[in-house]
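Note that the numbering runs from 1 along the sequence shown for the chain.
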Amino acid sequence: MSSGAARLMEQLDPASTVLLTVECQRGVVGPDSALPELADAARTSGALANVARLVAAAHDTGVQVLHAVAERRPDGRGASRNARLFKAAERLPVQQLTGSMAVRIADPIPVSEDDLVVRRLHGLSPVAGTEVDALLRNFGCRTLVVTGVSANVAIPNAVFDAVNLGYTVVVPADAIAGVPADYVRAMVRNTLALVATVTTTDDVLSRWGRPRRGR
């Protein structure tokens, strides 16, 4: 076993690992997405299917799963308005309204009664300003596996925030998506790889006792 593989094996100990899915909700990556280009990228790249595979394996292995969901109140209270992205989101035809179908976890990702859903009304990060850090510490987490969308904004925010909080971060690069695809590859290679362990879904599944696809 190579030193890199041995390090990954150690990092992904189920007893101290948590799997985070980021904005894998129907209104973002589902068929009626507010962001159809991003939803298409998540599905056609296989990223969404790989998130589902990782979640299923986490359920079987005893790895805690957290689903980070971005939503807004119908009256907009508490929503951020200090960036162009937030203002553009207010004009989208599909709104991520609290309690709506848009903020439910998208198929084909399985959801267990043991999973926790962390909802935020503001900001760009699923970690900073949310319950995630406290929950991770209560779970005894040392390694956070980050998956989902988008590689443009929320994924790097999650990775940086988790690293700054002292967690080891693992990113299965084929379980995140963004637009355009060449930007995602460059961002992973030139940014995320500097602060996180970049790997594949199959390598994580192998550590958690799941066979590679096609075997």
Side-chain angles (χ1 to χ4, degrees), residues 1-25 42 46-69 105-106 108-120 125-128 130-151 154-177 188 191-213 215:
M1 180 183 296
S2 68
S3 60
R7 183 173 65 253
L8 183 64
M9 289 281 285
E10 180 180 0
Q11 290 174 345
L12 291 173
D13 179 359
S16 58
T17 299
V18 172
L19 173 64
L20 178 70
T21 76
V22 178
E23 296 181 26
C24 291
Q25 55 205 73
L48 191 62
N50 284 332
V51 174
R53 295 170 66 209
L54 288 164
V55 171
H59 291 162
D60 290 346
T61 314
V63 171
Q64 179 64 50
V65 178
L66 296 183
H67 302 284
V69 171
I105 303 304
I109 298 172
V111 179
S112 161
E113 62 181 12
D114 293 329
D115 295 358
L116 295 182
V117 179
V118 178
R119 304 181 183 276
R120 77 179 194 277
S125 175
V127 177
T130 73
E131 297 178 277
V132 167
D133 180 37
L135 293 173
L136 294 179
R137 295 187 188 283
N138 288 345
F139 286 128
C141 176
R142 295 177 60 189
T143 298
L144 184 65
V145 180
V146 176
T147 66
V149 299
S150 76
I155 294 296
N157 265 268
V159 172
F160 294 148
D161 289 340
V163 170
N164 284 332
L165 288 167
Y167 300 101
T168 295
V169 178
V170 172
V171 178
D174 55 355
I176 65 171
V188 170
T191 301
L192 295 188
L194 302 178
V195 295
T197 299
V198 175
T199 186
T200 66
T201 295
D202 278 344
D203 283 343
V204 175
L205 295 181
S206 293
R207 173 61 181 93
W208 289 347
R210 280 293 186 92
R212 292 175 178 268
R213 192 191 328 235
R215 289 189 177 182

Partners passing side-chain hydrogen bond (donor to acceptor under 3.5 Å, both in side chains) against [X] (at least two apart in sequence or in another chain):
X    : result
T17  : none
T21  : H67
R142 : none
T197 : Q11

Closest contact, heavy atoms only, [X] versus [Y]:
X    : Y    : value
V63  : L19  : CG1-N, 3.9 Å
P126 : V132 : O-CG2, 3.2 Å
A175 : V51  : O-CG2, 3.4 Å
W208 : P14  : CD1-CG, 4.1 Å
L54  : P172 : CD1-CG, 3.9 Å
N50  : T201 : CB-OG1, 3.3 Å

Starting at [atom1] of [X], measure out to [atom2] of [Y] and round the result to the nearest 0.5 Å.
X    : Y    : atom1 : atom2 : value
D60  : L205 : CG    : CG    : 10.5 Å
R53  : T147 : CZ    : OG1   : 13.0 Å
L192 : I155 : CG    : CD1   : 8.5 Å

pair [X]-[Y]: side-chain heavy atoms closer than 4.5 Å:
X    : Y    : value
I105 : V69  : yes
F139 : L116 : yes
T199 : V204 : yes
L20  : V18  : no
L136 : L66  : yes

> Which residue pairs pass the salt bridge (Lys or Arg N to Asp or Glu O under 4.0 Å) test with at least one member in residues 9-24, sequence neighbours excluded?
Replying inline: E23-R120
> Under a 4.0 Å N-O cut-off, is there an ion pair linking D203 with R207?
Replying inline: no
Using atom types as modelled, flag every donor-acceptor pair under 3.5 Å from a side chain in residues 157-166 to any protein atom, sequence neighbours excluded.
unit_1 : atom_1 : unit_2 : atom_2 : d
N157   : ND2    : V153   : O      : 2.9
D161   : OD2    : S125   : OG     : 2.5
N164   : ND2    : F160   : O      : 3.2

>> So, using side-chain contact (heavy atoms from CB on, under 4.5 Å) as the criterion, who are the partners of P110 when residues are at least two apart?
In response: A52, V55, A56, H59
>> D115: which residues meet the salt bridge (charged side-chain N to carboxylate O under 4.0 Å, His left out) condition with it, sequence neighbours left out?
In response: none
> Sub-3.5 Å donor-acceptor pair from the side chain of T130 to the main-chain atoms of V127, do we have one?
Replying inline: yes
